[in-house]
Amino acid sequence: MPRSAPAGAGWHQRPLLDYPRTDLERWARGRGLSWIEDPTNRESRYRRSYLRQAVLPALRSTWPGAAIVASRSAAHLAEAGALLDELAREDLPQASLEHCLRLDKLAAMTSSRRRNLLRYWLRSLGLPIPSTAKLGVLEHDMFVARPDRQLCVDWEGAEVRLHRGLLYAGPPLAAPPVAREATWDWHEPLVLPQGLGELHAVPTTGAGLAVARLPQRLQWRFRGEVAGGAGGESAGLSPHGLKKLLQEARVLPWWRGRLPLLSAGDQLLAVGDLWTAREFAATDSALGVRVEWRHRPPIIAAGD
């Protein structure tokens, strides 16, 4: 337990770690102070409570100096951990590209240094650290994966994916939305499911989709795979053309089935905020609307 650690925009300070609980209680009672006791502290079914109630008293009664030795060992471990974090902070800028880790830089490191950086990187992203076994799986698989394979190593609360020599990490993605079609009154925001953000039709002039050509309601659906594997694209942009568009826009493969498609009848009008149909484009001084995908997830690959 560190004496000082970052916490949001500030710091979490623990200035009383060196004082035994009995001394703190005696001091507080002597000054008539009251405090709120966590009720779980008395429930032995929790490991920390069992240690306090059963294990530590037994250790103190048999080996009075055990607490001091344990405290000293914990301090040494904390110092070692701080040094490892310091090393990782030096390694991260050299091995990262934006929010990703570069596979070639990781390959040049020793295994222990690489694992240390992987743990630090995941913590810096606010993700849980994998078990030693799972970290070993990740370390092995990322070097043997074929370039055409979409590698994904996951554990509770996190997953790491490999794409073109870069490691991406984030919370586990839900299964791609089921292919379906719904309508959108584009005068109002469209809240997408699964936390995929919102679509807004922002008024503009001489750009975007021509208002005069838009019906009151548009059809929308996700690009998730459908029968035949074509992705359900409508007239106006072929499946091959859409695939090429997504590659040129550097959309990460695991996000391609989660893109919202907008259409009017059988005419594809827009793919999120990545593409709009020329046939429906507003020109000159004509009123238009620009599709804006707010709170869009990180769908674009890192790099230039």
#### Entry: Worked verdict on Arg115 versus Ser111 for side chain to side chain donor-acceptor pair (under 3.5 Å)
CA-CA 6 Å; Arg115 290 195 298 269; Ser111 181; 2.4 Å; yes
Taking every non-hydrogen atom, the tightest pair across [X] and [Y]:
| X | Y | value |
| --- | --- | --- |
| Leu245 | Trp275 | CD2-CB, 3.4 Å |
| Pro253 | Gln150 | CB-NE2, 3.5 Å |
| Arg102 | Asp104 | NH2-OD2, 2.8 Å |
| Arg258 | Trp293 | O-CH2, 4.2 Å |
| Asn116 | Ala88 | ND2-CB, 3.7 Å |
| Trp184 | Leu199 | CZ2-O, 3.6 Å |

Euclidean distance, [Y] [atom2] relative to [X] [atom1], rounded to 0.5 Å:
| X | Y | atom1 | atom2 | result |
| --- | --- | --- | --- | --- |
| Leu246 | Lys243 | CG | NZ | 10.0 Å |
| Trp186 | Leu269 | CH2 | CG | 11.5 Å |
| Leu259 | Phe222 | CG | CZ | 9.0 Å |
| Arg48 | Glu43 | CZ | CD | 9.0 Å |
| Asp23 | Leu16 | CG | CG | 11.0 Å |
| Glu159 | Leu138 | CD | CG | 12.0 Å |

### Query
Just checking, any donor-acceptor pair under 3.5 angstrom between side chains of Arg45 and Ser49?
no
#### Entry: Residues Trp35 and Glu37: side-chain donor-acceptor under 3.5 angstrom
yes
### Query
His187 and Gln216: side chain to side chain contact (heavy atoms under 4.5 Å, CB included), yes or no, with the steps?
CA-CA 8 Å; His187 297 89; Gln216 172 69 24; 3.4 Å; yes
### Task
Give the C-alpha distance, both sets of side-chain angles, the deciding distance and a yes or no for salt bridge (charged side-chain N to carboxylate O under 4.0 Å, His left out) between Asp154 and Lys134.
CA-CA 8 Å; Asp154 64 317; Lys134 182 64 73 170; 5.0 Å; no
### Query
Honestly, is Arg47 close enough over Tyr50, meaning NZ or CZ under 6.0 Å from the six-membered ring centre and within 45° of the axis?
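Here Arg47 fails the 6.0 Å and 45° test against Tyr50.
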### Task
Would you please test Val291 and Leu262 for side chain to side chain contact (heavy atoms under 4.5 Å, CB included) and show each step?
CA-CA 10 Å; Val291 177; Leu262 304 177; 4.0 Å; yes
Hey, is the main chain of [Y] close enough, under 3.5 Å, to the side chain of [X] for a donor-acceptor pair?
| X | Y | value |
| --- | --- | --- |
| Thr62 | Leu59 | no |
| Gln194 | Ala175 | yes |
| Arg213 | Glu279 | yes |
| Arg294 | Gly197 | no |
| Glu25 | Pro20 | no |
| Asp91 | Leu117 | no |
| Asp38 | Thr40 | yes |
| Arg250 | Ala301 | yes |
| Glu98 | Gly303 | yes |
| Arg290 | Gly208 | no |

Kindly work out whether a path of hydrophobic side-chain contacts (I/L/V/M/F/W/Y, heavy atoms less than 4.5 Å apart) joins [X] to [Y].
| X | Y | result |
| --- | --- | --- |
| Leu103 | Trp121 | yes |
| Val271 | Leu196 | yes |
| Val160 | Leu173 | no |
| Leu162 | Trp255 | no |
| Leu127 | Trp254 | no |

Find out whether [X] and [Y] are in side-chain contact, i.e. whether some heavy atom of one side chain is under 4.5 Å from a heavy atom of the other.
| X | Y | value |
| --- | --- | --- |
| Ile299 | Leu252 | no |
| Arg31 | Arg29 | no |
| Arg296 | Leu274 | yes |
| Leu118 | Leu135 | yes |

### Query
According to the interplanar angle, ranging from 0 to 90°, do the rings of His163 and Tyr168 count as parallel (below 30°), tilted (30 to 60°) or perpendicular (above 60°)?
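Plane angle between 30° and 60°, so tilted.
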